[in-house]
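Chain letters run A, B, ... following the sequence lines, proteins first and then strands; every chain starts at 1.
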Amino acid sequence: MNQERLAQIHDLCRDEAAFEQLQQTLSAELHSLEEIREAQLQVERQKTLLRVVTRLRETLDLDTLFKATAAEVRQLLSADRVGMFRFYPDSGWDDGEFVSEDVDPEFSSAIAQKIHDHCFGDQFAVHYQEGRVQNVADIYSAGLSDCHIQILAQFQVRANLVVPLLQGKHLWGLLCIHQCRDSREWQTTEIEFVQQIASHLAIALQQAELMAELRAEIAERQQAQERAQEFNQGLRQAIVELQAVNQELETFSYSVSHDLRAPLRSIDGFSQALLEDYLEHLDTTGQDYLRRIRSASQRMGQLIDDLLTLSRVTRSEMQKQTVNLSHVASRLCTQLQQAHPERQVEFVIQPELIANGDPHLLQVVLDNLISNAWKFTSREPLARIEFGGMIQENGIPIYFVQDNGVGFEMAFVEKLFKPFQRLHQMQEFPGNGIGLATVQRIIHRHGGQVWAEGKLNQGTTFYFTLAAEEISA
Amino acid sequence: MSGDTGGRVILLVEDNPDDEALTLRALKRNRIGNEIVVAHDGVEALDYLFGEGQYAERDTSIKPIVILLDLKLPRINGLEVLRRIREAESTRLLPVVVLTTSNEERDLFESYSLGCNSYIRKPVDFLQFSEAIRQLGMYWLLMNEPPPV
């Protein structure tokens, strides 16, 4: 109660005792009036807080939330400006700007003005990070540094209440309450209220961060999905192209099979006709030439057939199943022995070698390898051909076909699997160099590897594996 | 050659003159004395069989004892000729031997699907070719009882 009003009452009172009593009664009454007013303010603050919390639930948009909150806080505190200041990430808390505010129209807006305070990052950030509040009743008498006063003065600030805005434990920005028209003593209840507002905004900041992370993750997933789709698209395109190439290959081999063989048949047929019908007109040299023509055309016919077989091996569809390689090998060896009963060959076949693959193609592999072994041991009086298998450390079995025949020089090992490459003269060992190329293609189609080891006149060993998926076998 | 088949013709459908000459020679050398009619494409073959075009005057009640059919032919190809032979009442029982260069699986499959009686691939080696013709003559002209005319 002010002194002037008290003096008036004193004059009205007849004695000192009555005045004392009146004064006490009045001040008790006034006190309870103060309490009521304070309680009303408290209710208003709680309402504002409630609205902030409600809005927090309704919107994930920081701008909307900041703007509405700034307006309500300014109205409730009768302040001149309420602003949300944000530090630029990675600026070391020296730079930032107001991202939202509510300001009395009498004063200028602080929004979007870049603020640089080189002492803030060093000296104050760590305190704000721990929850410090700056409470300045008058910037000119609070002992602030000159640069600080300068920054505040450009926004006409007289009194200042600053509360940290935290995102988790990270100092995101500051909630600033400015009084511009006059200095102002900030009440404890007001400070507590602003702190409560700031803690609710911290939740919004936390949500916004989670939201941003979520958005980034979604975007990343979408990108991954798009990449996968692009990849699939590329794959489909490649398949289409591959199919076209296969189709062309098919057409090509079809016409090779028809058109290239027909003239060969004429060459061979008419050479034979000459030999049969005009023998008496030819001397032995002439007859020899005709025989050479015939044998060359037949060899070319065989080459064309083998090339077609090779291309069919690549094109044909694979049907994988369990194959008893030992049975296949035994059967092939028996056939060879029956076809050439004059030869003495010892066959050693490891029993029950089971593999997973295309039965027909695997038979072609073993047929080529065992026939090779048979061929290249033909000069060996005690020929020996072995088929076996062993399990490697990684669980994948290696199969091998070994002979004690003429062998080869390891220097030429690279040539072995190339079509039409031969390491021996035709007169020594017949063949056209297609067999091992075929073997390699079949093994590769099964996902396996094939290689050879040999030494001149000391035999050859062919090793092969079939697909890595046989680990469990 | 037995008397009741000796008079009947063999229809050779072949566009390649070399193959024609070689086939005729092989037939002759294997003492197959039947008359051989050569059609040089699918249209000619069908004209002969159904008495049309250049064969409009022909008595179609005289049917070949066997048809040797190449697949790759100008105009109408061999598979189509085979299909029409099997479709027509008057020719559906005639023995047809596909005699061709191709050993592509699809040709084999198509030929048997359309009802050829036998499929022989012409080998490059003339002696093998001649042997194939001999066996073919043996079987279709001597061993096989032809369908009733």
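Between the side chains of A/Q302 and A/Q298, no donor-acceptor pair is found at a separation under 3.5 Å. Side-chain N/O atoms of B/T101 and A/R265 include a donor and acceptor closer than 3.5 Å.
Counting heavy-atom neighbours within 6.0 Å of A/Q321 CD, excluding the residue itself, gives a total above 12.
Proximity to chain A (any heavy atom under 4.5 Å) is shown, for B/A26, by neither the backbone nor the side chain. Both the backbone and the side chain of B/D125 come within contact range of chain A, with heavy atoms under 4.5 Å apart. In this structure, the portion of A/D305 lying under 4.5 Å from any heavy atom of chain B is its side chain and not its backbone. If you measure heavy-atom distances from B/T100 to chain A, the contacts under 4.5 Å come from the side chain alone.
Below 30°, between 30° and 60°, or above 60°: for A/F462 and A/F417 the angle between ring planes is above 60°, a perpendicular geometry.
Every residue two or more places apart in sequence or in another chain was checked for a side-chain hydrogen bond (donor to acceptor under 3.5 Å, both in side chains) with B/T23, and none qualifies.
Ranked by non-hydrogen atom pairs under 4.5 Å with chain B, the options A/G269, A/A262, A/S271 are led by A/G269. Highest contact tally toward chain B, considering only A/R294, A/M300, A/E276, is held by A/E276 [criterion: heavy-atom pairs under 4.5 Å].
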